[in-house]
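Throughout, a chain's letter reflects where its sequence line sits, starting with A, and its residues are numbered from 1. As the structure is a computational prediction, the values presented were derived from the model and not from experiment.
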Amino acid sequence: MNDSAALYAVAGVILFGMGIYALVAYPHLLRKILGMNVMGIGVFAVFVALAYRGPDQPPDPVPHALVITGIVVAVCATGLGLTLATRLKALTGVAQLTPDQED
Amino acid sequence: MTWENSLPLLIVLTSLVPGVVIFFLKESTVGVRTTLNMFGAVAKLVLIAVMINGLLNETTYETRLPFLPGIDFVLRADTLSILFCILSAVLWLVTTIYAIGYLEHSPNRSRFFGFFSLCVSSTMGIALAGNLMTFLIFYELLTICTYPLVVHKGDEKALRGGRTYLIYTLVGGGALLLAVIWMYAIAGPIEFRDGGAIDAIVEGARGPLTVIYFLFIAAFGVKSAIVPLHGWLPRAMVAPAPVSALLHAVAVVKAGAFGIVRVTYDLFGIDVANDLGVLTPLMIATSLTIIVGSVLAIFQDDIKKRLAYSTVSQVSYIALGVALFGPLGSIGGIMHLVHQGVMKITLFFGAGSFDETLGVTKISQMDGIGRRMPLTMAAFTVGALGMIGVPPTAGFITKWFLGTGAIEANSHWVIGVLILSSLLNAGYFLPILYRAWFKPQKGDWPSEHDFGGRFETFWMLLLPPVVTGVFSILLGLFANLPVGLLYWVRLIVLREYEL
Amino acid sequence: MPQDLAFWLPVVIAVPLMAAVLAFLLPRAAFPISLGAALITSGLVCWAALAAVNAGPATHTVGGWSAPLGIDLVLDGLSGLLLVLTAIIGLAITVYAHGYFQPGDDLVKQHQYNFFWPLWMFLWASLNALFLSADVFNLYVTLELLGFSAVALTALAGKPTVLKAAMRYLMVSLSGSLFYLMGVVFLYAQFGTLDIRLLSAASAETPTLLASAALITTGLIMKSALFPLHFWLPPAHANAAAPVSALLSALVVKGSLYIVLRLWLEVFYPLADTVAPQVLSVLGVGAVLWGSLQAMQQPRLKLLIAYSTVAQLGYMFLLMPILLKNRDDSTALAATMSFVFAHAVAKAAAFLSAGSILHALKDDRLTALSGLMKKMPVTTAAFAMAGISLIALPPSAGFLAKYQMLQSALTNGYWGLVFVVIGGGLLAAVYIMRVLGPAFKKVEPYGAESTSKAVHVPLVMSIPTLALALLAIVISFMGVYLLELLAVGTPWVLKGGL
């Protein structure tokens, strides 16, 4: 792993952390879902950076295959999250995780 | 499976299977339920008789199933287990008759008899358990199955009594679990054996073994109501009379006492226990229980409560006999396992009949009851005299052997305890007898119930106390018959002391 | 014949997967399809487990490409035990759900009924795939599939409370998976492979391995709701429909737990001497205490059972230090797996009983449960048996497991754990008796008529509930067989010479 790949990897880790922050800190569900996506992108960035094997060699194909799979999974997750969020907004009027009333 | 190694399991199943089936019966199917119960009880007695015969011919009866690697589920018949089996089986039969009469027309009878049979099965399992694991399983099963019986009436008081009962027994169960696991951890997969499973104390094991022994005593002390662990027993008296009679005079408290006997003789071995120096503390604790229980009994006006404190006191005779290091004391203790059961169940039957027939639940209401219910009161009187230890009742035999055992063990102060307790017993039983026989009736009975017929009460309530009352005398008169109780207990003690 | 056995491994995944698709396309025939798939899958799994006991573990190389390039499916004792567990509980829940979601002419219920079957079959397929995967990335995919179907099933109940719970569940599940995936990336960076057996052979104590272990474990204990990351579990498990609650508590949390065990045993074992196993054990202690204390205060039955799950999950991490340090002594693994089995069966029975109670009384507040023994004797009996197992009184599956735990803790000198396990049982007794104590209360003949007579629960619900509850008792006499299955293909010989 050379410097630029390392840079990618570090950037990925930072993205991962920013995603966690967004997930925890923002009450709006859309932001939380976006936060999760940022986390995912962070992981993928690290993975892709790993595949780099120097200028003379082709990159390792395995991480690429895995990242594509990961992206598909992330799309599904986003879809599920958005569906839940819109349904919740329709029922309660807010897209936030308000504390439960005793019902 | 051969006959020899399925017989112990069958003895447990003869009450377990009817019990489970009864749960699914409708309330109204009295006939089927009674037949099932009676069939189970009689079948059990027949099987036990077969087993006694086999044991006298040195046959081994053992059911062994794999439980966990290294630990089996073992039911095994030996002289000691047979004693507890026969006691529980006979008294189960008698109590079933009594319970059918007592609970006539009351709700939830299927549930009651179902759990009742499960309790008896657990008692059989405790008696026949061949190792600690099997013992533990049935011991806790007994706790679970008695709870619904204690709370049977379903009112606030019953639920409170049940809660107290569970708290005591579950904490005791936790102590037992710890003791069992610790024992397995230091001694390996040992099983009960005549004379003890531990041959000698390994260096460094003395401390743990002593702690384990006291854990066992604390665990069993809850069920056998050793002071200060006796608090649940008087409160559990909210249960219907047959439950108090069989379970709180025989099955539950005896399970604890039997546990002490089993663990001392067949796990540690009496010599190892003596070597550990744990017998003297046990002797002190039981002596204290005998005195404190009797003193507390004097202050109770409720008949069942007085009997309950009397149980607290009397059950400790068994453990006292164990603690007296020597064959004579052991004979006294083990015989009392049977004697106390037969005598105390008579008393509880009587108390239940007074309540059911006349609504009498307090001693202050008993004036002149001897004239109204002479046969029941006569049985009650025999039981009471037995508790005091008047010859020729069974209770006298116990105290005789315990007394000579105390001399043999050089623990002369125990004789003082025995005398004091007899005086106290007289102190709380004789006033009852005096009121019942010699005082005139005061006004109407609280709520008299006319059963019709020729007898003083419903025959199913009358027969059981009379039968057990007669037993209490016969056990005293004919203690020394060939193949009688004393013969059998002597056989047990000879094996335990490896004489 | 291991060759044949290996051939059937993908079938165990494919059958429920196909059933999911068919049930989605043909909603009218969804139940017969699912029941058929459930029967076939359960039959196959039990046969496969028996075959594995006799012939040893089996490996299927998907598409003929073996590791490191391809993906392997491996059946050994650890996965076999969980497959069997899933099959038993899955079958019972399939039958029960048919009664529970019975739509009648209610459109909302019809909707729930229609969607339950494909989602449930999908969840079953993902669980089977998860247990059989021998590849850390494949585990990630199955973990996500499991999470998605579980979240969707939770949301099925449709109320705002449950949607919020599902949303929280989704976020925890998803971020947990991403933590896990990040850990997988680190593993690949260090060892260049994703196959567990190859990782196992190459594993060595390095900073990367430590980082990977930290990421993966954090992610997975979030998904397994180990204290203090359990906050999402009680609302999700308590508000979902009862069959779903049973699935979530009994099976879904076990998926991530399985990966924790598998990876620590096979890949992260060089880290056994770090503080990590101790930390997990301490968190387990926290879970036992906190979960039990919370369960004692819940006003509703399903919340109580959900907090009981929090407590019981703690036990599954208690023995981690023993499990990892003494690899030649497998009693800790046997105890933990027995506990997983016991908890799943008992908890499923408890949630199904709670579902029947809710179905019949329309109320699961504890105050409404007086005299339950009279009203619903079979359901109460089932709950009582499940409760006995949760308290771990003998004879029950819970006792069998806790006995082994205590034995393992005591022989290894972990006295603290001994007291936690015994004390935890007493705490469980307290919260279980909050339900069973009033159940014996005499119901007055006057007052609300709904309380005075027995309430009808359809047989299709009461039979599976009772069957699971009975199993929770009967398993206590099947310990040797469970351990025999667990021993298949494990490198650690079970003590006692199985």
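The candidate with the highest count of non-hydrogen atom pairs below 4.5 Å against chain C, out of B:Y147, B:F73, B:Y184, is B:Y147. Top candidate by heavy-atom pairs under 4.5 Å with chain B, chosen from C:A439, C:S476, C:P395, is C:P395. The choice from C:G479, C:P394, C:G437 that makes the most heavy-atom pairs within less than 4.5 Å of chain B is C:P394.
Taking CG of B:N108 as the start and CZ of C:F440 as the end, the distance is 9.5 Å to the nearest 0.5 Å. Summarising the geometry, atom CG belonging to C:L406 is positioned 5.5 Å from atom CG belonging to B:L177; distances are rounded to the nearest 0.5 Å. For the atom pair CG (C:L483) and CG (B:L68), the distance works out to 6.5 Å, reported to the nearest 0.5 Å. Here the CD1 atom belonging to B:I181 is positioned 11.5 Å from the CE atom belonging to C:M405, to the nearest 0.5 angstrom. For the atom pair CE (C:M373) and CZ (B:R111), the distance works out to 5.0 Å, reported to the nearest 0.5 Å.
Only the side chain of B:I71 comes within contact range of chain C, with at least one heavy atom under 4.5 Å from a heavy atom of that chain. Interface residue B:P148: backbone and side-chain heavy atoms are both found under 4.5 Å from chain C. If you measure heavy-atom distances from C:L482 to chain B, you find no contacts under 4.5 Å at all. Contact of C:I422 with chain B is made through the side chain alone, with heavy-atom distances under 4.5 Å.
Below 30°, between 30° and 60°, or above 60°: for B:F67 and C:F399 the angle between ring planes is between 30° and 60°, a tilted geometry.
Heavy-atom neighbours of chain B within the stretch residues 467-474 of chain C, taken at a separation under 4.5 angstrom, are nonexistent. Heavy-atom proximity under 4.5 angstrom to chain C picks out B:L136, B:I137, B:E140, B:L141 from residues 134-143 of chain B. For a heavy-atom cut-off of 4.5 Å, chain C lies close to B:L166, B:L170, B:V171 in residues 166-173 of chain B.
Open room surrounds CZ on C:R365; 12 or fewer heavy atoms of other groups in view lie less than 6.0 Å from it.
Residue pairs that meet the side chain to side chain donor-acceptor pair (under 3.5 Å) test with at least one member in residues 378-403 of chain C, sequence neighbours left out, are C:Y315-C:K402.
Residues B:L65 and C:F477 form no side-chain contact, since every pair of their non-hydrogen atoms from C-beta on lies 4.5 Å or further apart.
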